[in-house]
2 protein chains.
Amino acid sequence: MRTTKILKARGRPRAFDMEDALAKAQALFRARGYDALSVADLTEAIGINPPSFYSAFGSKSALYGQVLQRYAELEGIDLEGPFAAGVSLAEGVRRLLRQAATNYGAGNGTGCMVIEGARGGVDAEACRQARRLLDQTHDMVHAGVSRHAPEQAEMVTDYVMATLSGLSASARNGLSGERLLRIADIASGQLAQELADEIEEKQP
Amino acid sequence: MRTTKILKARGRPRAFDMEDALAKAQALFRARGYDALSVADLTEAIGINPPSFYSAFGSKSALYGQVLQRYAELEGIDLEGPFAAGVSLAEGVRRLLRQAATNYGAGNGTGCMVIEGARGGVDAEACRQARRLLDQTHDMVHAGVSRHAPEQAEMVTDYVMATLSGLSASARNGLSGERLLRIADIASGQLAQELADEIEEKQP
DNA sequence: ATATTTTTGTAGTGCGCATTACAAAATCCA
DNA sequence: TGGATTTTGTAATGCGCACTACAAAAATAT
């Protein structure tokens with residue numbers, strides 16, 4: 001709708017494009033992380049001065065939160081499809097991990113913004129903001145796994161989240177999309193075997 | 001030997017214990033990372049003033065390098081045993097990952113100091129120092145794997161390094177040693193399956 | 001036209017950081 | 001005892017950071 005922008009618009013109009021600014025901030029935060037990116041870096045990249053920055057975004061931390069949300073919406077991986085009805089758990093995990101590998105590999109060595117942000121550094125509040133999103137991801141994976149294998153949900157979720165972290169770290173270490181996909185394939189193949197063994201034990 | 005300390009010792013003697021100071025610095029750097037730990041934090045923890053700090057360690061970065069080395073020697077995982085003769089590749093990887101899980105879990109939510117340090121943040125030089133050690137680890141894993149399966153060495157090494165990163169991240173997320181071990185078991189089981197499949201394909 | 005509202009540019013603010021100048025103190029060597 | 005050497009404590013230094021005071025500028029509302 002954007003009624004705010006079109007219908008009203010009192011006062012002096014903004015001299016820069018908001019979407020462009022958010023896109024640039026997202027790319028910078030994703031590449032360098034919260035702590036290593038200064039407000040001066042941001043204002044220079046956007047092409048504005050500090051007062052415009054604070055008037056538009058409130059604070060560095062607030063912009064980071066907005067950008068994290070934007071990243072999750074625009075570039076986050078699909079957590080519903082892989083656990084939909086008609087897809088086995090092993091196959092769902094395989095799809096999830098392959099999707100992550102492709103996604104992280106396409107980021108040009110940046111990995112996942114949420115996972116890397118949640119690892120934290122100097123600013124505790126920024127870390128918390130990323131953690132909130134990562135916790136949401138964790139809960140959605142847990143919910144999806146629970147529908148197939150409630151008793152092993154914690155174990156499988158632990159494994160999936162650890163593998164996502166490993167993929168993101170490997171992406172940041174410069175691994176190609178192909179090599180990331182190979183990691184995802186090994187990781188998901190192993191899980192199929194593990195799940196098959198468990199079923200065997202319970203239904204001999 | 002410590003000849004330097006006992007035989008010579010000109011000038012005013014040091015008023016603090018060097019080993020204690022290094023141990024404290026190691027614990028702090030491991031828990032908080034390089035950027036989030038200030039020299040003021042360090043001097044306060046050790047119980048000295050800045051001039052003593054710089055006289056003893058040179059700089060924050062130099063102390064970090066020394067402490068990283070110390071960590072690798074004292075708490076690093078064994079990269080030789082798992083790839084020794086008489087141990088299959090799958091079993092070697094299983095031992096390596098279980099060792100890492102136990103090690104990272106014992107760190108009280110700190111994960112691996114080298115892996116986390118290499119992820120970087122604000123200070124590029126500190127990141128490079130950790131990276132150097134992580135590259136050494138990578139090369140040793142690669143060499144160990146190569147002796148068993150030279151053609152798949154890159155793939156297996158990628159997988160092992162990614163899993164180590166995932167375990168370290170999971171440890172920092174607060175997972176218990178038990179849950180980390182379960183992740184390590186699934187991950188090593190998955191690789192064993194993959195390796196078995198490859199052999200099947202080549203010797204049908 | 002005038003008042004109102006919002007953004008803009010210039011030029012700062014205070015704070016925490018790693019690091020250091022300096023002189024007194026504590027040891028060894030002659 | 002006196003000179004050499006190193007560490008110590010006090011107290012700074014300069015720098016980069018997130019953030020802001022202020023007034024001019026650019027739009028709408030009446």
Side-chain angles (χ1 to χ4, degrees), chain A residues 2-22 25 28-29 32-67 117 120-129, chain B residues 2-22 25 28-29 32-67 121-129:
Chain A
R2 311 205 311 168
T3 62
T4 315
K5 193 133 177 218
I6 293 179
L7 296 188
K8 301 213 171 181
R10 291 263 290 232
R12 179 168 173 173
R14 189 162 281 144
F16 64 94
D17 187 275
M18 193 63 165
E19 276 306 312
D20 281 4
L22 287 174
L28 286 172
F29 273 128
R32 295 200 223 162
Y34 185 84
D35 296 314
L37 185 67
S38 72
V39 172
D41 292 333
L42 284 163
T43 55
E44 187 188 347
I46 301 174
I48 60 179
N49 291 308
S52 300
F53 177 90
Y54 285 94
S55 163
F57 307 115
S59 69
K60 182 189 178 187
S61 178
L63 172 59
Y64 184 63
Q66 194 175 343
V67 156
V122 178
D123 191 287
E125 170 60 20
C127 175
R128 248 176 271 131
Q129 290 186 269
Chain B
R2 310 205 311 166
T3 60
T4 315
K5 192 135 179 217
I6 293 179
L7 295 189
K8 300 213 171 181
R10 290 264 290 227
R12 180 169 173 171
R14 189 163 279 146
F16 64 95
D17 187 274
M18 194 63 165
E19 275 306 312
D20 282 4
L22 287 174
L28 286 171
F29 273 129
R32 295 200 222 161
Y34 184 84
D35 296 314
L37 185 68
S38 71
V39 172
D41 292 332
L42 283 163
T43 54
E44 187 188 347
I46 300 174
I48 60 178
N49 291 308
S52 300
F53 178 90
Y54 284 93
S55 163
F57 307 114
S59 70
K60 183 188 177 188
S61 178
L63 171 59
Y64 184 63
Q66 194 175 341
V67 156
V122 178
D123 193 287
E125 172 59 22
C127 175
R128 247 176 272 130
Q129 290 187 267

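From a predicted model like this one, the values you see are computed outputs, not experimental measurements. Below, chains carry the letters A, B, ... as their sequence lines are ordered, and counting in each starts from 1.
In this pair, Phe16(A) and Phe57(A) present their aromatic rings tilted. The plane angle is within the 30 to 60° band.
Rounding to whole angstrom units, OH of residue Tyr54(A) and P of dG12(C) are separated by 18 Å. In this entry the distance linking CG of Leu42(A) with P of dG16(D) reads 18 Å, nearest Å. Between the C1' atom of dT6(C) and the CZ atom of Arg14(A) lies a distance of 9 Å, rounded to the nearest Å. Atom C1' of nucleotide dG16(D) and atom CD of Glu44(A) are separated by 15 Å, given to the nearest angstrom. Atom CG of Asp35(A) and atom P of dG16(D) are 18 Å apart (whole Å). Atom pair Asp123(B):CG and dG16(C):P shows a separation of 20 Å (rounding to whole Å applied). When the P atom of dT10(C) is taken as reference, atom CD1 of Ile48(A) falls 14 Å away, rounded to whole Å. Across the protein-nucleic acid pair, Phe53(B) atom CZ and dT10(D) atom P stand 18 Å apart, rounded to whole Å.
The shortest non-hydrogen separation linking Asp41(A) to Ala36(A) is OD2-O, 4.0 Å.
Side chain of Arg12(B), nearest nucleotide from dT7(D), dT7(C), dT20(C): dT7(D). Taking only side-chain atoms of Asn49(B), from C-beta outward, the nucleotide of dG9(D), dA11(D), dC19(D) with the closest atom is dG9(D).
Comparing Gly11(B) and Ser38(B) by the nucleotide of DNA chain C that holds the closest heavy atom to each, the one mapping nearer the 5' end is Ser38(B). Where Pro51(A) and Val39(A) each meet DNA chain D at their nearest nucleotide, the meeting point lying more 5' is that of Val39(A).
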Determine, stepwise, if the pair Leu37(A) / Tyr64(A) fulfils side chain to side chain contact (heavy atoms under 4.5 Å, CB included). CA-CA 11 Å; Leu37(A) 185 67; Tyr64(A) 184 63; over 6 Å; no
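Nucleic acid contact for Phe57(A): none, since no nucleic acid atom lies under 4.0 Å from a heavy atom of the residue. Across all strands shown, Pro13(B) has heavy atoms under 4.0 Å from sugar-phosphate atoms exclusively, and none from any base. Residue Leu37(A) is in sugar-phosphate contact alone, with no base atom involved, counting any heavy-atom pair closer than 4.0 Å across all strands shown.
Applying the side-chain contact (heavy atoms from CB on, under 4.5 Å) test between Tyr34(B) and each of Val67(B), Asp123(B), Val122(B) identifies Asp123(B) as the sole match.
Neither side chain, Asn49(B) nor Ser52(B), offers a donor N or O lying under 3.5 Å from an acceptor on the other.
Under 4.0 angstrom from either OP1 or OP2 of dT7(C) there lies at least one side-chain N or O belonging to Ser55(A). Side-chain nitrogen and oxygen atoms of Ser52(B) include at least one within less than 4.0 Å of the OP1 or OP2 phosphate oxygen of dT8(D). Taking 4.0 angstrom as the limit, Arg10(A) places none of its side-chain polar atoms (N or O) nearer than this to OP1 or OP2 of dT4(C).
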